Amino acid sequence: MNVRSLATGSKILSDTVAPVSIAIAGTLLRLFDLFVVGVLGLAIHLIYGPSDSWIPRSEYLAAVAAGLLFSGTLFHWFGVYRGDFLFR
């Protein structure tokens, strides 16, 4: 450490220090994953679902919400957002 960093109390970051908190990175990745799953679910409905479909839109949105809950739970269960997986 140099004298200036000691005087100001700042710390020089080494290569082993992660620039972003593991919790923040995991949360941002989780939100991005759920966003992608939700957008793809809605896009599939808009592409393949006819406008006069027998499935009401509210029921399909509930199915997309259930898919978001299920996929988020599976991603968490399989440890996708663990710190050792994120920062290797």
Side-chain angles (χ1 to χ4, degrees):
M1 269 195 212
N2 60 19
V3 176
R4 185 174 188 176
S5 65
L6 287 174
T8 59
S10 64
K11 199 159 87 171
I12 297 176
L13 294 177
S14 67
D15 291 335
T16 60
V17 176
V20 178
S21 168
I22 294 173
I24 292 173
T27 302
L28 290 176
L29 283 174
R30 181 174 297 156
L31 290 174
F32 178 75
D33 288 343
L34 293 178
F35 175 76
V36 168
V37 169
V39 167
L40 287 176
L42 292 177
I44 289 170
H45 176 63
L46 292 176
I47 291 171
Y48 291 114
S51 60
D52 58 343
S53 175
W54 59 272
I55 301 174
R57 190 170 292 269
S58 62
E59 288 183 14
Y60 190 80
L61 291 177
V64 169
L68 289 172
L69 179 66
F70 184 69
S71 64
T73 303
L74 279 180
F75 290 159
H76 182 75
W77 188 32
F78 287 122
V80 174
Y81 308 111
R82 284 192 323 241
D84 59 342
F85 182 74
L86 293 176
F87 295 106
R88 282 191 186 193

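Not measured: the values here are computed from a predicted model. The first residue of the sequence shown is numbered 1, and numbering continues consecutively from there.
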Validation row: T73, F70 side chains within 4.5 angstrom (heavy atoms): no
Same cluster or not: L69 versus W77, using hydrophobic residues (I, L, V, M, F, W, Y) connected whenever any side-chain heavy atoms lie under 4.5 Å apart? no
List the atom pairs, with distances to 0.1 Å, where a side-chain N or O of residues 29-39 and a protein N or O form a donor-acceptor pair under 3.5 Å, not counting sequence neighbours.
from: R30; atom 1: NH2; to: H76; atom 2: ND1; distance (Å): 3.3
from: D33; atom 1: OD2; to: Y81; atom 2: OH; distance (Å): 2.7

